[in-house]
Number of protein chains: 2
Amino acid sequence: MSDAEADRTFHALADATRRDITRRVLQREQSVSSLACRYEMSFAAVQKHVAVLEAASLVTKKRRGREQIVHANLDALRRAARLLDEYEQLWRHRADTMAGILAETGEES
Amino acid sequence: MSDAEADRTFHALADATRRDITRRVLQREQSVSSLACRYEMSFAAVQKHVAVLEAASLVTKKRRGREQIVHANLDALRRAARLLDEYEQLWRHRADTMAGILAETGEES
DNA sequence: CTAACATACAACCAAATGGTTGTACAAACG
DNA sequence: CGTTTGTACAACCATTTGGTTGTATGTTAG
C-alpha cells in the first residue's frame with residue numbers, strides 16, 4: 001500500500017459521517033440521496049463525503065437510471081486492516097529479537 | 001471505540017510522517033529529537049506530529065532525564081484494527097442474511 | 001556556574017477541510 | 001410536454017492542519 005493510498009484511506013476513515021456511510025453501504029448498497037436523507041447536513045455535503053470515500057477506493061458508484069448506487073469495497077478495508085497488522089508485526093519482531101538476545105545471554109556456557 | 005477516539009486515531013494515521021514515526025517507535029522507543037533528526041522538517045513540526053499521535057493514544061511519552069522517550073501503544077493500534085474487522089463483520093452478516101433468504105426460498109415445499 | 005542540549009509553546013502563515021448555497025442537467029413520472 | 005428527482009459542480013466561507021520561526025524553560029556536561 002503506497003503512502004498516498006494509506007493517506008487517502010485513513011483520512012477517509014477519520015470522520016464519523018464517512019464511517020457511518022461506510023457501515024451503511026456495507027450492509028446495503030444504496031443511492032447517494034438515500035444516504036443523504038439520513039444526515040442533518042446538505043445533500044452536497046454528503047456527496048462530498050462519498051467522493052472522499054470513493055477517492056480512497058473504500059466505495060464505488062454505479063449508475064442505475066438516474067440514481068448513483070454506492071457500493072462498499074471490502075478489499076480496500078481489508079488492505080487498511082492489513083497495514084495495521086503489519087505494524088503489529090514490527091512490534092512482534094522487536095519482541096522476538098529481544099527475547100532472542102535474552103535467551104542467548106542465558107545460554108552462555 | 002467512541003467516534004471521537006476513532007476520529008483521532010485514523011486522523012493520526014492519515015499522514016505518512018506520523019505512520020513512519022509510529023513504525024519507528026514500534027521497533028524501538030526513542031526520544032523526540034532522535035526522531036526529529038530523521039526528517040527534513042523542523043524539530044517543532046515533528047514535535048507536533050508526536051503530539052497528534054499522543055492525542056490519539058497511539059504513543060505515550062515518558063521523561064528520562066532531559067529527554068522525552070516516545071513509546072508505541074500497541075493496544076490503540078489493535079483497537080483501530082478491530083474496528084475495521086467489525087466493518088467486515090457487518091458485510092459478512094449481510095452476506096449471511098442474503099444466503100439465508102436464498103436458502104429459505106429454495107426450501108419452499 | 002556556564003554552555004549546550006532537549007523540550008515546550010506561542011504566533012504566524014498557506015493550504016486543505018467541511019460545510020454552505022446556487023446553478024445546471026439528465027432521467028423519470030404524470 | 002412540464003415537473004420533479006437525483007446528481008454534479010462551482011463559488012464561497014470558517015475552521016483546521018501542517019508547516020515555519022522565535023522565545024522560554026529545564027537538564028545535563030564540563
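Values below: all heavy atoms of this structure, side chains included; hydrogens, waters and symmetry mates excluded. So that the names make sense, note that chain A is the first sequence line, chain B the second, and so on, each numbered from 1. None of the values given here were measured: they were computed from a predicted structure.
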Starting at [atom1] of [X] and ending at [atom2] of [N], how long is that distance when rounded to a whole Å?
| X | N | atom1 | atom2 | value |
| --- | --- | --- | --- | --- |
| A:E54 | D:dT7 | CD | P | 12 Å |
| B:R64 | C:dC5 | CZ | P | 18 Å |
| A:L35 | D:dT5 | CG | P | 18 Å |
| B:Q68 | D:dG26 | CD | P | 14 Å |
| B:F43 | D:dT23 | CZ | P | 18 Å |
| A:H49 | D:dA8 | NE2 | P | 16 Å |
| B:Q47 | D:dT21 | CD | C1' | 13 Å |
| A:D15 | C:dA16 | CG | C1' | 14 Å |

I want to verify a distance call: between [options], whose nearest atom is closest to the [X] side chain?
| X | options | value |
| --- | --- | --- |
| A:K48 | D:dT17, C:dC9, D:dA11 | D:dA11 |
| A:V32 | D:dT7, D:dG18, C:dC9 | D:dT7 |
| A:R66 | D:dT20, D:dT5, C:dT7 | D:dT5 |
| B:H11 | C:dA8, D:dT17, D:dG6 | D:dT17 |
| A:E67 | D:dT7, D:dT21, C:dT7 | D:dT7 |
| B:R18 | D:dG18, D:dA29, D:dT21 | D:dG18 |
| A:M41 | C:dT7, C:dT20, D:dT27 | C:dT20 |

Neighbour count above 12 (heavy atom, 6.0 Å) for B:R63 CZ: yes
Atom NE2 of A:H71 with >12 non-hydrogen neighbours under 6.0 angstrom: yes
For a quick check of understanding: with a heavy-atom distance under 4.0 Å over all strands, which category does [X] fall into, base, sugar-phosphate or nothing?
| X | value |
| --- | --- |
| B:S42 | base |
| B:A44 | base |
| B:T17 | nothing |

Separation between CD of B:E88 and CG of A:D75, rounded to the nearest 0.5 Å: 10.0 Å
Nearest-0.5 Å distance that lies between atom CH2 in B:W91 and atom CG in A:L77: 11.5 Å
Carboxylate-amine/guanidinium contact A:R82 A:E86, below 4.0 Å: yes
Residue mapping more 5' on DNA chain D - nearest nucleotide basis, B:A14 or A:S34: A:S34
Residue mapping more 5' on DNA chain C - nearest nucleotide basis, A:G65 or A:A45: A:A45
